[in-house]
Every structure is written in structure tokens, then in C-alpha cells.
Amino acid sequence: MLVTGATGRIGRVVIDQLLDAGVPVRALTRRPEAAATLPAKVEVFTGDLTAPDSLDPALSGAGAVFLLWTAPPRTAAEVVARLAAHVRRVVFLSSPHQTPHPFFQQPNPMADLHAGIERLIAATGLESTIIRPGMLASNSLAWWAPAIRAGEVVRWPYGAAQTAPVDDHDVAAVAARTLCQDRYIGGDYVLTDPNRSPRPRRWASSATPWGAGSHSRR
């Protein structure tokens with residue numbers, strides 16, 4: 001199995017999940033020095049989604065790929081074509097842009113990118129599984145943690161709206177399982193947490209580990 005985004009928040013956990021299942025793992029990273037942060041059992045390849053020909057060594061002989069797109073869209077078609085030439089299956093980390101809810105139907109360049117890659121994958125005939133986490137719980141580290149640590153006002157639209165962020169580890173567990181089991185081929189899965197809450201409650205519950213009190217204005 002080849003894992004892209006191998007040193008990121010989700011890809012790194014996918015690697016651990018696959019290793020725990022006894023699956024041989026290849027990791028794709030843009031930086032050769034990142035190999036030192038990965039388990040010794042992992043076969044590390046240097047490559048970049050913006051340079052599709054750099055992916056060939058990692059793809060050659062790989063049976064399946066966990067695709068986490070972290071590049072501009074211009075090389076997507078060529079990358080997907082290379083996947084189809086080398087591997088049998090792809091698990092693509094997309095977004096819930098098909099969900100008929102106003103939150104997910106707003107104009108969103110990332111959703112447009114994901115939809116385009118899904119169409120490319122479907123056109124190749126690759127065995128595929130699409131997983132669609134909604135809001136990732138770890139995004140709050142980038143969005144809200146600095147303001148909370150500084151004791152500032154947390155500014156965010158629709159503060160009372162209830163959402164169900166999903167933990168990165170849960171997303172990774174789904175990715176690893178769908179990579180390994182044939183019964184998930186053709187699947188399309190929206191991932192959420194079973195517990196919904198308004199954002200101010202999550203800000204308050206997050207304030208202690210981030211070392212500050214939290215305040216919100218709607």
C-alpha cells in the first residue's frame with residue numbers, strides 16, 4: 001500500500017493502522033529528511049504530486065494508494081492517469097460536497113477540486129473508495145487555538161450552529177480498512193462524529209488544554 005501525505009495528520013496515522021494490520025507500507029513524501037520520522041518498516045519514496053513523473057518509483061508494484069491531495073489542481077489528471085497505469089485500487093480522501101446541507105453547498109474551491117478528482121478517478125475504471133469527512137476536529141488547532149491561547153475573542157460565523165467534527169484517527173482508521181478489504185470497493189462514505197455540539201461549547205471544552213479561557217461573540 002502506498003500512502004500519500006505520509007507525514008501529515010491523517011496519512012501518518014494511516015501508516016500506523018496499516019502496519020498494525022501487518023500490511024507492507026510505502027510512504028510518499030516530498031522531503032527526503034522526513035523518512036527519519038517514519039517507522040523503520042516503512043519503505044519511503046520521495047515524490048511530489050506537482051511532478052507526476054516523480055511518482056512512478058513509488059507506484060511501481062504498489063497494489064493500492066491512499067490519495068490525499070495536497071497540491072494545486074493542474075497536475076491532477078496526469079497523477080490519476082499514473083495511478084491507473086500502476087495500481088488496482090485508490091482510496092481518495094474527499095469532502096462531503098454532495099451532502100444536501102447549506103454548510104457543504106457553499107462555494108468552495110476545495111470541494112470543486114475534490115469533485116474534479118473524483119470524476120477523473122471514475123473515468124479510469126480504477127477500483128475506488130471515496131471517504132468524505134466533514135469538519136476535521138484537528139482543524140480547530142489552526143482556526144481557534146491562537147486566539148484562545150492569547151485570551152482573545154474567537155471569531156467565527158454561525159457560532160450556534162451544531163456540527164460534528166470527526167477525529168483524524170477515525171478518518172485514518174476508515175482509510176486503512178477500506179484499503180485492505182475488498183467489500184468497500186465502490187463505496188462512498190460520509191464520516192462524522194456521533195456527537196453534535198455548537199461551536200462555543202467546543203471552544204470552552206478546548207480552552208483548558210490550550211492554556212486559556214475562551215470567549216465568543218456571535
Side-chain angles (χ1 to χ4, degrees), residues 1-95 110 113-133 136 138 168-169 171-182 184-189 191:
M1 306 289 181
L2 175 65
V3 177
T4 66
T7 59
R9 299 192 312 248
I10 294 176
R12 181 63 182 80
V13 185
V14 173
I15 288 174
D16 288 340
Q17 296 271 349
L18 292 172
L19 290 176
D20 288 345
V23 177
V25 179
R26 296 178 175 187
L28 183 74
T29 177
R30 292 184 295 117
R31 298 176 292 108
E33 64 272 19
T37 69
L38 297 170
K41 292 182 179 179
V42 176
E43 187 177 8
V44 181
F45 292 84
T46 302
D48 196 318
L49 295 173
T50 63
D53 57 343
S54 72
L55 308 179
D56 289 345
L59 290 171
S60 180
V65 174
F66 173 62
L67 180 60
L68 194 162
W69 192 267
T70 56
R74 60 182 177 80
T75 57
E78 191 174 350
V79 168
V80 172
R82 275 184 148 76
L83 296 183
H86 288 284
V87 304
R88 178 171 60 92
R89 180 187 305 182
V90 61
V91 173
F92 178 48
L93 183 71
S94 186
S95 54
M110 185 60 69
L113 171 62
H114 287 159
I117 293 174
E118 289 173 33
R119 289 191 293 268
L120 291 170
I121 292 171
T124 66
L126 275 164
E127 296 177 358
S128 65
T129 305
I130 310 298
I131 56 177
R132 306 180 185 278
L136 294 172
S138 61
D168 296 3
H169 288 74
V171 177
V174 172
R177 177 172 294 188
T178 54
L179 278 165
C180 295
Q181 299 186 20
D182 288 347
Y184 297 109
I185 294 172
D188 190 314
Y189 304 102
L191 312 181

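Note that these values count all heavy atoms, side chains included, but never hydrogens, waters or copies made by symmetry.
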Asker: To check you understand the geometry: which heavy-atom pair defines the closest contact between Gly63 and Val87, and what is its length?
Answerer: O-CB, 3.8 Å
Asker: Hey, are the side chains of Glu118 and Ile130 touching, using non-hydrogen atoms and a 4.5 Å cut-off?
Answerer: yes
Asker: Which residues pass the ring pair (Phe, Tyr, Trp, His ring centres under 6.0 Å) test with His114, sequence neighbours left out?
Answerer: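 Phe92.
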Asker: Is a donor on one side and an acceptor on the other found under 3.5 Å between the side chain of Ser60 and the backbone of Asp56?
Answerer: no
Asker: Does atom NE2 (His86) have a neighbourhood of more than 12 heavy atoms from anything else shown, all under 6.0 Å?
Answerer: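 Enclosed.
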Asker: Is the side chain of Arg89 donor-acceptor paired with the backbone N or O of Leu179 at a distance under 3.5 Å, no angle test?
Answerer: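 Checking the backbone N and O of Leu179 against the side chain of Arg89, a donor-acceptor pair under 3.5 Å is found.
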Asker: For Val3 and Gly11, work out which heavy atoms get closest and say how close.
Answerer: CG1-O, 3.7 Å
Asker: Look at the side chain of Thr124 and the backbone N and O of Ala84, then say whether any donor-acceptor pair between them is shorter than 3.5 Å.
Answerer: no
Asker: Shortest non-hydrogen contact from Leu113 to Pro73?
Answerer: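 It is CD1-CB, 3.4 Å.
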Asker: What's the spacing between Ser128 OG and Ile185 CD1 if we round to 0.5 Å?
Answerer: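 It comes to 9.0 Å.
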Asker: Would you check if Trp69 and Val79 make a side-chain contact, meaning some heavy-atom pair closer than 4.5 Å?
Answerer: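 A side-chain contact under 4.5 Å exists here.
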Asker: Please test Asp188 against Arg132 for side-chain contact (heavy atoms from CB on, under 4.5 Å), starting from the C-alpha separation and ending with a verdict.
Answerer: CA-CA 8 Å; Asp188 190 314; Arg132 306 180 185 278; 2.7 Å; yes
Asker: Test of understanding: with side chain to side chain contact (heavy atoms under 4.5 Å, CB included), list the residues that count as partners of Leu120, not counting sequence neighbours.
Answerer: Ala76, Ala77, Val80
Asker: Could you tell me whether the side chain of Arg12 and the main chain of Gly5 form a donor-acceptor pair under 3.5 Å?
Answerer: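 No, Arg12 side chain to Gly5 backbone: no donor-acceptor pair under 3.5 Å.
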Asker: Do Leu19 and Val23 touch side chain to side chain, with heavy atoms closer than 4.5 Å?
Answerer: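 Side chain of Leu19 against side chain of Val23, heavy atoms only: no contact under 4.5 Å found.
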Asker: What distance do Leu93 atom CG and Ile131 atom CD1 have between them, rounded to the nearest 0.5 Å?
Answerer: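 Answer rounded to 0.5 Å: 5.0 Å.
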Asker: Would you call Leu18 and Asp16 a side-chain contact if the rule is heavy atoms closer than 4.5 Å?
Answerer: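 No, side chains not in contact.
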Asker: Using atom types as modelled and distance alone, determine if a side-chain donor or acceptor of Thr129 lies under 3.5 Å from a backbone N or O of Thr178.
Answerer: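 Flag not set: sc Thr129 to bb Thr178 has no pair under 3.5 Å.
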Asker: Roughly how far apart are Thr4 OG1 and Leu28 CG, rounded to 0.5 Å?
Answerer: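 The distance works out to 6.5 Å.
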Asker: Going by atom type alone, with no hydrogens or angles, which donor-acceptor pairs under 3.5 Å involve a side-chain atom of residues 33-45 and a protein atom two or more places apart or on another chain?
Answerer:
residue: Thr37; atom: OG1; partner: Ala34; partner atom: O; Å: 2.7

Asker: Taking all non-hydrogen atoms of both residues, which atom of Arg26 and which atom of Pro57 are closest, and how far apart?
Answerer: NH1-O, 3.8 Å
Asker: Using 0.5 Å steps for rounding, measure from the OG atom of Ser95 to the CG atom of Leu191.
Answerer: 11.5 Å
Asker: If you define the side chain from C-beta out and look only at heavy atoms, does anything of Thr50 sit under 4.5 Å from Arg30?
Answerer: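 The answer is no, as the side chains (C-beta and beyond) never meet within the 4.5 Å cut-off.
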Asker: Answer whether the closest heavy-atom distance between the side chains of Ser54 and Thr46 falls below 4.5 Å.
Answerer: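 When only atoms from C-beta onward are counted, Thr46 and Ser54 do not touch, as no gap falls below 4.5 Å.
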Asker: Is any NZ, NE, NH1 or NH2 atom of the basic residue among Asp53 and Arg82 found under 4.0 Å from an Asp or Glu carboxylate oxygen of the other?
Answerer: no
Asker: Quick one: CG on Leu2 to CZ on Phe66, what's the gap to the nearest 0.5 Å?
Answerer: 11.0 Å
Asker: How long is the straight-line distance from CG of Leu126 back to CZ of Arg88, given to the nearest 0.5 Å?
Answerer: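 Reported to 0.5 Å precision, the distance equals 10.5 Å.
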Asker: Of Val13, Ile10, Val14, which is the lone residue that meets side chain to side chain contact (heavy atoms under 4.5 Å, CB included) with Val171?
Answerer: Ile10
